[in-house]
Trainee: 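Sharing a structure, written as structure tokens. Questions coming.
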Amino acid sequence: MQRYFLTEPYEVKEHYTITGENYHHIVRVMRMESGQQVFLAFSDQLAIIAEIIDITEEAVFLKEISKEQAEKELPVNVTIACGYPKGDKLEWVVQKGTELGSHRFIGFPAKASVVKWDSKKLVKKTDRLKKIATEAAEQSHRQFVPDIVLLEKEQELMDVFSRYDKVLIAYEESAKVGERSRFATALSELVVGESILIIFGPEGGFSPAEIEKFQEYGGVVCGLGPRILRAETAPLYALSAISYQFELV
Ligand code: SAM
């Protein structure tokens with residue numbers, strides 16, 4: 001069943017009205033008719049099953065059939081921050097990371113980032129990544145679409161550390177010296193409803209000076225096991241481990 005994300009919070013209504021891009025998708029792409037059902041996911045993460053009752057030239061009208069029961073979101077709020085990697089790797093991280101439950105993605109220019117995006121390019125990239133996140137959220141039955149934030153300066157990342165309950169930096173040099181416990185310890189200390197920011201470097205990794213600065217702001221470095229993962233693999237490893245910790249029994 002198709003899933004449509006709405007920008008307003010859930011409210012009990014006699015009928016729900018869909019216009020714009022979602023209307024186009026329902027009517028022109030899916031060619032749906034009255035009687036067919038879709039999921040409507042509201043901005044407050046509540047989703048309902050709704051049935052089409054009427055279609056006009058401008059709007060689709062639907063009535064609620066039932067609430068969607070299953071909880072689809074990770075019980076902890078995870079933000080993945082990536083130093084800008086080359087090519088379309090950030091797109092890959094956003095698509096797969098959305099399927100794995102990330103709440104927000106932050107991109108930032110790390111010292112070793114090869115790509116240099118000006119503010120105009122960042123706006124275009126943000127729009128593209130939002131579209132990718134929306135499609136992945138639909139596909140994976142998420143209850144909301146993760147935020148996308150692309151920063152112009154690395155310092156802006158440190159400015160948001162204080163908003164999180166925990167800040168971890170996945171550091172290849174920690175992995176190389178056998179650090180294996182901090183990631184697992186941080187996850188075991190994390191309580192349902194809390195937030196965690198995990199930071200990943202680009203292909204060239206992090207410089208010692210960068211790590212020092214992150215630590216000054218309260219970030220904790222950790223290893224993610226004995227193998228060195230590609231820049232686009234490491235965030236997916238971390239998200240999978242978080243799902244294992246909190247969602248499997
Ligand atoms: N060029 C670096 C080197 O040769 O050591 C490797 C950088 S790695 C491709 C890119 C990023 O993935 C790292 O900066 C780190 O954030 C993360 N990463 C990869 N493997 C990791 C591991 N085993 N432990 C912690 N972080 C890792």
Side-chain angles (χ1 to χ4, degrees), residues 1-80 90-107 122-150 163 192-196 239 242-243 246-249:
M1 200 164 21
Q2 286 293 316
R3 178 172 292 262
Y4 296 96
F5 293 96
L6 308 183
T7 48
E8 70 264 22
Y10 175 74
E11 223 183 295
V12 177
K13 284 186 182 170
E14 223 164 81
H15 68 258
Y16 298 88
T17 308
I18 290 199
T19 56
E21 265 183 45
N22 286 338
Y23 168 86
H24 176 80
H25 196 267
I26 290 174
V27 178
R28 309 262 180 259
V29 180
M30 299 305 295
R31 298 182 175 276
M32 287 192 193
E33 293 174 357
S34 292
Q36 286 189 270
Q37 296 186 349
V38 298
F39 284 111
L40 297 183
F42 294 87
S43 61
D44 48 2
Q45 299 187 26
L46 207 140
I48 61 170
I49 295 172
E51 185 175 302
I52 300 174
I53 49 175
D54 195 15
I55 300 176
T56 68
E57 281 304 306
E58 277 146 25
V60 177
F61 299 93
L62 306 101
K63 67 171 183 199
E64 178 172 342
I65 300 297
S66 60
K67 303 254 178 326
E68 187 183 30
Q69 292 305 331
E71 177 53 63
K72 303 287 169 58
E73 296 303 327
L74 279 176
V76 289
N77 189 311
V78 184
T79 296
I80 296 294
L90 196 54
E91 296 184 7
W92 166 274
V93 171
V94 167
Q95 186 188 57
K96 308 301 174 205
T98 298
E99 290 172 35
L100 288 166
S102 177
H103 284 68
R104 175 175 296 123
F105 297 93
I106 301 179
L122 287 177
V123 171
K124 269 179 99 175
K125 274 268 168 201
T126 305
D127 288 346
R128 166 124 186 93
L129 292 174
K130 278 185 177 167
K131 193 161 177 282
I132 289 170
T134 303
E135 285 168 6
E138 278 166 8
Q139 195 278 325
S140 56
H141 296 194
R142 295 281 304 266
Q143 284 160 315
F144 78 101
V145 181
D147 288 340
I148 307 287
V149 181
L150 299 187
R163 297 191 200 157
V192 168
E194 283 191 334
S195 59
I196 183 166
L239 282 163
I242 293 171
S243 169
F246 288 95
E247 298 186 308
L248 300 185
V249 287

Trainee: Going by an N to O cut-off under 4.0 Å, is there a salt bridge joining Arg142 and Glu138?
Mentor: no
Trainee: So, applying side chain to side chain contact (heavy atoms under 4.5 Å, CB included) with His103, which one of Ile80, Ile196, Thr98, Asn77 is it?
Mentor: Asn77
Trainee: Report the C-alpha separation of Glu21 and Lys131 in whole Å, then their side-chain angles, then the decisive distance to 0.1 Å, and conclude whether the salt bridge (charged side-chain N to carboxylate O under 4.0 Å, His left out) test is met.
Mentor: CA-CA 12 Å; Glu21 265 183 45; Lys131 193 161 177 282; over 6 Å; no
Trainee: Taking the side chain as C-beta and beyond, is there a heavy-atom pair between Tyr23 and Glu58 under 4.5 Å?
Mentor: no
Trainee: Between His141 and Arg3, which heavy-atom pair has the shortest distance, and what is it?
Mentor: CA-NE, 3.4 Å
Trainee: Hey, is CD on Glu33 packed in by over 12 heavy atoms from elsewhere, all under 6.0 Å?
Mentor: no
Trainee: Kindly compute the distance separating OG (Ser140) from CD (Glu135), expressed to the nearest 0.5 Å.
Mentor: 11.5 Å
Trainee: To the nearest 0.5 Å, tell me how far Leu46 CG sits from Glu11 CD.
Mentor: 12.0 Å
Trainee: Would you say that Arg104 contacts Val149 through its side chain, given a criterion of any heavy-atom pair below 4.5 Å between the two side chains?
Mentor: yes
Trainee: Just by modelled atom types, is the Lys72 backbone N or O under 3.5 Å from a matching donor or acceptor in the Gln143 side chain?
Mentor: yes
Trainee: Below 6.0 angstrom between ring centroids: does that apply to Tyr4 and Phe42?
Mentor: no
Trainee: Please find the pair of heavy atoms, one from Thr19 and one from Ala59, that lie closest to each other, and give the distance.
Mentor: CG2-CB, 3.9 Å
Trainee: NZ/Lys130 to CG/Asp147 distance, rounded to the nearest 0.5 angstrom?
Mentor: 8.0 Å
Trainee: If you compare all heavy atoms of Val94 against all heavy atoms of Ala133, which two are closest, and at what distance to 0.1 Å?
Mentor: CG1-CB, 3.9 Å
Trainee: Applying side-chain contact (heavy atoms from CB on, under 4.5 Å) to Ile132 and Arg128, what does each step give before you reach the verdict?
Mentor: CA-CA 6 Å; Ile132 289 170; Arg128 166 124 186 93; 4.0 Å; yes
Trainee: Show the numbers, then the answer: is there a side-chain contact (heavy atoms from CB on, under 4.5 Å) between Leu74 and Ser243?
Mentor: CA-CA 7 Å; Leu74 279 176; Ser243 169; 4.3 Å; yes
Trainee: Between Ser195 and Arg163, is there a side-chain heavy-atom distance shorter than 4.5 Å?
Mentor: no
Trainee: Looking at Lys124, Glu91, Gln95, which hits side chain to side chain contact (heavy atoms under 4.5 Å, CB included) with Leu129?
Mentor: Glu91
Trainee: Within a strict 4.5 Å, meaning less than it, do heavy atoms of the Val60 and Ile53 side chains meet?
Mentor: no
Trainee: Hey, does Ile48 have a side-chain heavy atom less than 4.5 Å from the side chain of Tyr16?
Mentor: yes
Trainee: Report the C-alpha distance between Ile18 and Leu40 in whole Å, list the side-chain angles of each, state the deciding distance to 0.1 Å, and finish with yes or no for side-chain contact (heavy atoms from CB on, under 4.5 Å).
Mentor: CA-CA 10 Å; Ile18 290 199; Leu40 297 183; 3.5 Å; yes
Trainee: Using 0.5 Å steps for rounding, measure from the CE atom of Met32 to the NE2 atom of His25.
Mentor: 7.5 Å
Trainee: How far apart are the closest heavy atoms of Pro9 and Asp44, and which atoms are they?
Mentor: CB-OD2, 3.6 Å
Trainee: When rounded to the nearest 0.5 angstrom, what distance separates CD1 in Ile52 from NE2 in His15?
Mentor: 13.5 Å
Trainee: Contact between Phe105 and Pro146 at the side-chain level, heavy atoms closer than 4.5 Å - yes or no?
Mentor: yes
Trainee: Before giving the answer on side-chain contact (heavy atoms from CB on, under 4.5 Å), spell out for Met30 and His24 the whole-Å C-alpha distance, their side-chain angles and the decisive distance to 0.1 Å.
Mentor: CA-CA 9 Å; Met30 299 305 295; His24 176 80; over 6 Å; no
Trainee: So how far is it from Asp127 CG to Leu150 CG, rounded to the nearest 0.5 Å?
Mentor: 9.5 Å
Trainee: Verify side chain to side chain donor-acceptor pair (under 3.5 Å) between Tyr10 and Lys67, making sure each step is shown before the conclusion.
Mentor: CA-CA 11 Å; Tyr10 175 74; Lys67 303 254 178 326; 3.0 Å; yes
Trainee: Any carboxylate oxygen within less than 4.0 angstrom of a Lys/Arg side-chain nitrogen, looking at Lys63 and Glu14?
Mentor: no
